[in-house]
2 protein chains.
Amino acid sequence: MEKARITIKDVAKRANVSIATVSLVINNNARISKTTRTKVLNAIKVLNYYPSKSAQSLVSKKTRNLGFILTDDHFLRTEPFYTRIFLGAEFEAGRNEYYVLLATVKTDYNEGVQIPRFVFEGSVDGIIIAGKIPTELLSELLKFKIPLVCVDFYRNDIDYPVVLIDNIQGGMIATEHLLNLNHKNIAFLGGDINHPSIADRLIGYKSALQKANIKINENIIITNSPYPNRQNGYDSARLLFDNNNDVTAIFACNDAMAIGAMQYLKDNNIYVPQDISLVGFDDVEANLLLDPPLTTIRVPKIDLGVEAVKYLIEIINNKNTTSKKIIVPVELIIRNSTSEHYIK
Amino acid sequence: MEKARITIKDVAKRANVSIATVSLVINNNARISKTTRTKVLNAIKVLNYYPSKSAQSLVSKKTRNLGFILTDDHFLRTEPFYTRIFLGAEFEAGRNEYYVLLATVKTDYNEGVQIPRFVFEGSVDGIIIAGKIPTELLSELLKFKIPLVCVDFYRNDIDYPVVLIDNIQGGMIATEHLLNLNHKNIAFLGGDINHPSIADRLIGYKSALQKANIKINENIIITNSPYPNRQNGYDSARLLFDNNNDVTAIFACNDAMAIGAMQYLKDNNIYVPQDISLVGFDDVEANLLLDPPLTTIRVPKIDLGVEAVKYLIEIINNKNTTSKKIIVPVELIIRNSTSEHYIK
DNA sequence: TTAAACTAGTTAAACGTTTAACTTATTGAT
DNA sequence: ATCAATAAGTTAAACGTTTAACTAGTTTAA
């Protein structure tokens, strides 16, 4: 004995109105009087009615689904960076009564470009691309003329909507924090300077120094490692201290580099923060387990997802074709790896 | 100039058949001759036609969506355990032309039980529950009479479909591996013995020893820590070696414990694997970075997701009401933390 | 030879909404 | 007093499928 689905007809009957009226109430149409509205709303509640998604999308041509695309290795990274962005997207989508469909694509695509199924099946109203995906895939996706926003990934040869974090501001507030603690000789430990994020962080660093009228010392800006990981953080710190002895603070371009640098300092009996203050960037989980816990710039991953969805929905609704850049601010998280510098 | 959607009508027209015929071809109905079928298939390809999901589900009452529920902390865990299960589910769902909708629920639910939206909205044909969720939520979910399978989570007071890993087998093959390497005095480092998984691993350990006719020595079975983490692994190892000196191998109930034990051994200048062979369980990513890399039991997380979806789809299709248990086998991964024991 | 049984399709209703176009009653302006 | 404008609904078509019931032609069985 299947219990039949409760439809708009049942609601209409119980509220003594036409099904059109019920529909208009559901869609918050102003044409319905307050009395009728509450009567209908009541019937909906009593009957525990939920409109059929399929019937709705059949006529409205909206699926109320959003696609979320990332590479499988991004999704599976130990550090839950993109997972958090996805979760933020999922949250914001839910608030707007959207569902999000995930598709992972392979990082290397030998066997041609693989367009996620929901794109050509028309199962989504828009898509979010998180992190770097193969260039060809992006171009293919753009051809579909489907609303699309990229998050934490930017190519400046194409113009499309994008949500990014404010790397320049991050570099600035990290450096300003150290300046406020009386540090003058602040080193920058960067990885690959060609990476746009790192370049921006360096810009922030430099502009904070300039604003404080401190001359930029290129000798304590280390940007020759290919990739910003722990090992290179360690090596960069060594390089730094082999050639300089008046540095009192370090701004590392990410937490991994900072952790590596911290290890170097520990190995050489240099105390953090008594001898050297240290600031990272990203706010990865491991930071809390460090001794001392790392002062860093928090990247609001959840927010990135939230903003991406907000922006995407805006595009879907307004057909807003101007592809702006949304820059999400970052935040300074003060822990114990930084302290005031006293001139001895 | 919106380009109109290509519908079944267009295909029918082009293939010179009725729309019913097209539908029957799409659904692989045997009533259609081979000639007509290929004619239709051809039209579909030429026109690049994809059936409208909403129209399909409106009449078929199937959404072709699967719900995936886990707690937010499980989803955000640094170690991508549930993320992998989710990905496996996503893969298998895609292969069967399903989409999966994710919902995270809060671990502690002060404000009443929170049923994911897709459940009462009827947006999914079935749901997968991954990992432990609040008991009340599970009971509420079961009330909906919607097809449901739990993965990596089991309560033996309720009877429902479940996909689990074979902990007993895992305990056995881990122990047998050590036995094959000539070890006789093999310790077991367990956390909370009340946890069903750990209890099962111990059962596997014991039965392997019995099969090899080796007497079980309760003194080298350490199961008094509340939780199997690194610290407790370290402490358990200390406890073990404080009271025993003939142990030549350790089977730790999970990798975290193993890593803790390895640290203890390192701190006490006991060499792995020369002095002590060590086997873990789980195969977490960190194992590869260890020195030496850890021999362990791999839990096939992707497979867990795959199996859960397979099972769920089976239930959806066959209305199979017998709620069986699916046990996914685990695999021994031999790295460098184990080696042959030579009697000196 | 004839009826029954297949085979390979077609017709048309149904699924549960939205929405343009219509209706009817009320209000406002002149 | 008259007509236009507004308010608050209703009617009915449309969205793109599936599928039960039907049809017409061909085989099979006795």
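Lettering follows sequence order; numbering is per chain, from 1. The analysis underlying the following values was restricted to heavy atoms, covering all of them including side chains, and did not include hydrogens, waters or symmetry mates. Model, not experiment: these values are computed from the prediction.
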Q: Nearest whole Å is fine: how far is C:dT19 C1' from A:K62 NZ?
A: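 So the two atoms are 15 Å apart, to the nearest Å.
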Q: Rounded to the nearest Å, what distance is computed from the CZ atom of residue A:R5 to the P atom of nucleotide C:dA14?
A: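 Distance, rounded to whole Å: 19 Å.
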Q: Starting at NZ of B:K34, measure out to CG of B:L41 and round the result to the nearest 0.5 Å.
A: 11.0 Å
Q: Do side-chain atoms of B:S123 reach the backbone of B:V119 as a donor and acceptor pair under 3.5 angstrom?
A: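 Looks like no, no N/O pair under 3.5 Å.
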Q: With side-chain hydrogen bond (donor to acceptor under 3.5 Å, both in side chains) as the test, would you mind laying out the steps for B:S60 and B:S57 before giving the verdict?
A: CA-CA 5 Å; B:S60 71; B:S57 38; 5.7 Å; no
Q: Nearest whole Å is fine: how far is C:dT18 P from A:R64 CZ?
A: 11 Å
Q: Give the rounded distance in Å between these two atoms: CG of A:L24 and C1' of C:dT17.
A: 12 Å
Q: Phosphate oxygens OP1/OP2 of C:dT10: is one of them under 4.0 Å from a side-chain N or O of B:S18?
A: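 For C:dT10, OP1/OP2 do have a side-chain N/O of B:S18 under 4.0 Å.
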Q: Reckon A:Q56 has a side-chain N or O less than 4.0 Å from the OP1 or OP2 of C:dT18?
A: yes
Q: Identify the heavy atoms of B:S23 and B:I8 that sit nearest to each other, and give their distance.
A: N-CD1, 3.8 Å
Q: Honestly, is A:K324 close enough over A:Y311, meaning NZ or CZ under 6.0 Å from the six-membered ring centre and within 45° of the axis?
A: yes
Q: Is the terminal nitrogen or CZ of A:R117 (NZ for Lys, CZ for Arg) located under 6.0 angstrom from the six-membered ring centre of B:Y99 and within 45° of that ring's axis?
A: yes
Q: Measure from the side chain of A:S52, starting at C-beta and using heavy atoms only, and say which of D:dG9, C:dT18, C:dT17 lies closest.
A: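 Nearest to the side-chain atoms of A:S52, counting from C-beta on, is C:dT17.
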Q: With a 4.0 Å limit, can you tell me whether A:K53 has a side-chain N or O closer than that to the phosphate oxygens OP1/OP2 of C:dG16?
A: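 Answer no for this pair, as no side-chain N or O of A:K53 is under 4.0 Å from OP1 or OP2.
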Q: Hey, does the side chain of A:S23 come within less than 4.0 Å of C:dT18's phosphate (OP1/OP2), counting only N and O?
A: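 Looking at the OP1 and OP2 atoms of C:dT18, one of them is under 4.0 Å from a side-chain N or O of A:S23.
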Q: Are OP1 or OP2 of D:dT17 and a side-chain N or O of B:Y49 less than 4.0 angstrom apart?
A: yes
Q: Rounded to the nearest angstrom, tell me the gap between atom NZ in B:K34 and atom P in C:dA8.
A: 13 Å
Q: Can you tell me if the side-chain N/O atoms of B:S33 get under 4.0 Å from OP1 or OP2 in C:dG9?
A: yes
Q: Quick one: is A:T36 getting a side-chain N or O under 4.0 Å of the D:dG9 phosphate, OP1 or OP2?
A: yes
Q: Considering every strand and a 4.0 Å limit on heavy-atom distances, what is the contact class for A:K61: base, sugar-phosphate, or nothing?
A: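 Counting heavy atoms under 4.0 Å across all strands, the contact made by A:K61 is with sugar-phosphate only.
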Q: What I want to find out is whether A:R64 reaches A:D125 closely enough, with some N-O distance under 4.0 Å, to be called a salt bridge.
A: no
Q: Toward the 5' end of DNA chain D, which comes first, A:T21 or B:I19, by nearest nucleotide?
A: A:T21
Q: In whole angstrom, what separates B:N29's CG from C:dT7's P?
A: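 Distance, rounded to whole Å: 12 Å.
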Q: So does A:R31 reach the base of D:dT6 with its side chain, donor to acceptor, closer than 3.5 Å?
A: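 When only heavy-atom distances are counted, A:R31 does not reach the base of D:dT6 through any donor-acceptor pair under 3.5 Å.
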Q: Mind calculating the distance between CD1 (A:I8) and C1' (D:dA12) to the nearest angstrom?
A: 14 Å
Q: For the pair made of CD1 in B:I6 and P in D:dC15, what is the distance, rounded to whole Å?
A: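 Value for this atom pair: 15 Å.
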Q: I'd like to know whether the aromatic ring centres of A:F75 and A:Y82 sit less than 6.0 Å apart in this structure.
A: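 No, they do not, as the ring centres are separated by 6.0 Å or more.
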Q: Given axes from five pairs at either end, by how many degrees does the helix from C:dT1-D:dA30 to C:dT30-D:dA1 bend, rounded to 10°?
A: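 One end axis against the other gives 40°.
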Q: Pick base, sugar-phosphate or nothing for B:I26, based on heavy-atom distances below 4.0 Å to the nucleic acid.
A: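 No contact at all - B:I26 keeps every heavy atom at 4.0 Å or more from the nucleic acid.
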Q: Of the candidate nucleotides C:dT18, D:dT18, D:dG16, which contains the atom at the shortest distance from the side chain of B:N27?
A: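 So the side chain of B:N27 is nearest to D:dT18.
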Q: Within the 4.0 Å heavy-atom criterion, would you say A:L58 contacts the bases, only the backbone, or no part of the nucleic acid?
A: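 Base, at least one base atom sits under 4.0 Å.
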